[in-house]
Amino acid sequence: MLSTQTIGSRSRRFDAPEKALGRERFASDEYPESMLWAGALRAGVPHGLLRGVDTTQARAIPGVVAVLTAEDVPGENRQGFIHWDMPVLCGTKVRHAGDAVALVVAETRQILAEALLAIVLDIEPLPVVDGLDAALAPDAPLVHDLETGNVLKQASLRKGNAQAALARCPVVIEETFFTPQQAHCFLETENGTAYMAEDGTLHMTVSTQAPFRDRFEIGRALGLPPDRLHITAPFLGGGFGGKDGSTVQCLLALAAMHAGGRPVKMWWSREESMLAGYKRHAARMHFRLGAEADGTLTALICDLDYDSGAYAHLGVEIMALGLEHSSGPYRVEYLEANGRCIYTNNPVAGAFRGFGVAQVCFAFEGMMDRLAVRLGMDPLELRLKNAIRQGDKNGVGVVMTGSTGMAECLVGLQDHQFWRSRDEWVQSAPPLTRRGVGISAVYNGMGYGRGLADAAVAKIRLTGDGRFRVYNSVSDMGQGNSPTFVQIVCEVLNQNESQMELVQPDTERSHPSGSSSAGRTTYTYGKALIQACEAMRDKLLHRAAMVLMADEASALSLVPGAVRHTSSGRELPLAVLAGMLHPEDRVCIGEAMMPVTHDMPDGGESFRLGFPHLIFPYAAHLARVEVDELTGLVTVSDYVAFTDGGRVLNPQNFEQQVQGAVAQGLGYALWEDCVAENGQLQTTDFSTYVIPGSGDLPDIESHAVETEEESGPFGMKGIGEVGMNGPLPAVASALLRMGLPMIRAPFTPERVLKVLCGGNS
């Protein structure tokens, strides 16, 4: 029905020229005339009672427009998407060192800095809850006043009687794994501009992954009607989940409400971003896995503890995905997965690429490698033997009705030269160097999951000069969804890129379509956009039929820039046709919603939102790893990823997603760790928090395993998350093969040396 003019072809991104030439404007590029600066004073104390905020000296500084405290916050003074427990400005208690306690609006950044230093805080320190054990202790201080202590949420998922099944298993292995907090480290830190118009509308330009949701979060927190909030979201300089929720939004809106109509800019420094921005949840994961003597997986019992930091944010939902994916992409007949999301005085944890799944992949794949060693089996054969296939039930009992390419990804690795030649490569290691080849098999639920409508509304307009304007409704944080939308329009309408215009999300021009997250943007919005384009195509053919004297629209076809009468060759330029149509008749809208599963495991009812999932991308990764026995330095020499993302719409975008995810995942495996001591962050900038540069990374091979996801646009699935989950377990797998059983990430030289010397990681 549809041509293959652009879909499936390797083409440059529509947004590439403007970005390469520096002409694309990000939120951080906005410097409105007569602009003021806003900044927050952070508590600097991880836990304490706020006895007073003396703003007298700050208010007296010339050029200070406003100094605001909790008393100045209208509305509920609570931020949150699902759990509303984080104040905009603290009033009586601080729960982590990055809590905002005062807000200053000033003429310049210099005056702003001076005023922030002039504010005097009176904070009575409280005992610090600095980790999971401290939070769970019987006499632990309470971060929030809850009957459940410091446990935000506790839940269990069950499939059959896993305890009894485990007792019957001839082979049982047990281990505990630990993962750290990880920072997003996007190039463009959290920022935005805002002003209050005379009619009471608050206009904001923000680096955000969820502009439509921001309206309701800001509105509730500050007592503003959401329809009086206008938010635009230009291209983001990175997000990865760290901008999926309020960062500067409520503070910036509050500042604009006290700026007398002047625009206000807020832009966090790297240090403030590290202190106050969201992090990946640190996790402790205890696993017991039972199997038959031939390697058939039988039963799994696991206990997952997630450190949510000072506030809930999306911690419960992240824990839910960890529990859902705890048995990996395998058939496991019996499951008991217990989870706790726990408050501490550490930095606030939130969404991060891999959303609770990256942690458990390390644990379960580690168990698979240990099982292979115990049984003397090839680790890839063990994974293939148990790999989930279409029609199977996954660990929590959801039937895999969609495309399921896990086995195909593993076969791709099995046939790769790096796997076939692994023994020779290991044996040829130079002196004082150990080598190992590790693998991992991972999957990741796509979209919001059950309980939350994963919907999109797409809009396209034929402009007066005969071009097509695409109104993107979901933020583009660099993953390339918006140029893919242009590609879809070109495909359905048989047009060239030169006839396209692209508008980034704007709550007054586009329609609510959810957040840029969960690997769902191209899938959900793409489906809606196809509907809008098909409606536009049919409309234009019908309207043109009256002009070209065609008795049937089927006698016409769209060609670049025109409608053509197929038999006669006569053409009607789109610019001429546009001039004949009323502006409202030149717009088409399409809607779509992601399907959900009706399978629900025992215990799953306790999760209101986001559980379980129906559609999954899959990946199999391989890492060739070297360890220097003198220093403990781990080097990844080569990396290969096979990924099932359904049909590939643009191979270049596909490869970029995989390579970026692997790079971020290797940082998680080898370098990145947000270290906090007694609640105080020690890794405060890029001199202490190390992320990999291009020279630290290997060549990354990306291979697509194309399946057909019938529910997706052109058969595709989103792969934005799944690639993040493979590197940590793949590197750990390689280390285990060389006799280094690492259970705590990242695998720093110090930890590796300790294991080399016979200790624990």
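Between D673 and Y668, the closest side-chain pair of non-hydrogen atoms is not below 4.5 Å. Contact of the V316 side chain with the L609 side chain is not registered, since no non-hydrogen atoms from C-beta on lie closer than 4.5 Å. Side-chain contact check for S473 versus Y525: some heavy-atom pair is nearer than 4.5 Å. Side-chain contact between I123 and R51 is absent, with no heavy-atom pair separated by less than 4.5 Å.
Counting only distance, with no hydrogens or angles, the side chain of Q504 and the backbone of P234 share no donor-acceptor pair below 3.5 Å. The backbone N or O of S28 sits less than 3.5 Å from a side-chain atom of E188, completing a donor-acceptor pair.
Residue L126 is tested with V45, L49, N345 for a side chain to side chain contact (heavy atoms under 4.5 Å, CB included); the sole match is L49. Considering Q664, E721, Q479 as possible partners of R353, the one that fulfils the side chain to side chain donor-acceptor pair (under 3.5 Å) test is Q664.
For CG of D145, the number of neighbouring non-hydrogen atoms (other residues, nucleotides, ligands) closer than 6.0 Å is 12 at most. Residue E71 places its CD atom among 12 or fewer non-hydrogen atoms of other residues, nucleotides or ligands, all under 6.0 Å distant. Other residues, nucleotides and ligands contribute at most 12 non-hydrogen atoms within 6.0 Å of the CZ atom of R608. Atom CD of E30 has more than 12 neighbouring heavy atoms from other residues, nucleotides or ligands inside a 6.0 Å radius.
Rounded to the nearest 0.5 Å, atoms CG (D307) and CZ (R340) are 12.0 Å apart. The structure places NZ of K153 at 6.0 Å from CZ of F607, a figure rounded to the nearest 0.5 Å.
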List the steps, then state whether ring pair (Phe, Tyr, Trp, His ring centres under 6.0 Å) holds for H83 with Y311. CA-CA 9 Å; H83 311 278; Y311 300 103; over 10 Å; no

Residue pair K243, Q209: steps toward the side-chain contact (heavy atoms from CB on, under 4.5 Å) verdict: CA-CA 5 Å; K243 297 173 183 175; Q209 293 177 227; 3.7 Å; yes

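Side-chain contact check for R228 and T201: at least one donor-acceptor pair (N or O, by modelled atom type) lies under 3.5 Å.
The aromatic rings of H184 and F352 sit parallel to each other, their planes meeting at less than 30°, with 60° as the upper class boundary. In this pair, H230 and H203 present their aromatic rings perpendicular. The plane angle is above 60°, beyond the 30 to 60° band.
A salt bridge links R262 to E107: at least one charged side-chain nitrogen sits closer than 4.0 Å to a carboxylate oxygen. Ion pairing between K19 and E24 fails under the 4.0 Å rule for side-chain N and carboxylate O. Ion pair R213/D244 flagged as a salt bridge, since at least one NZ, NE, NH1 or NH2 atom sits closer than 4.0 Å to an Asp/Glu carboxylate oxygen.
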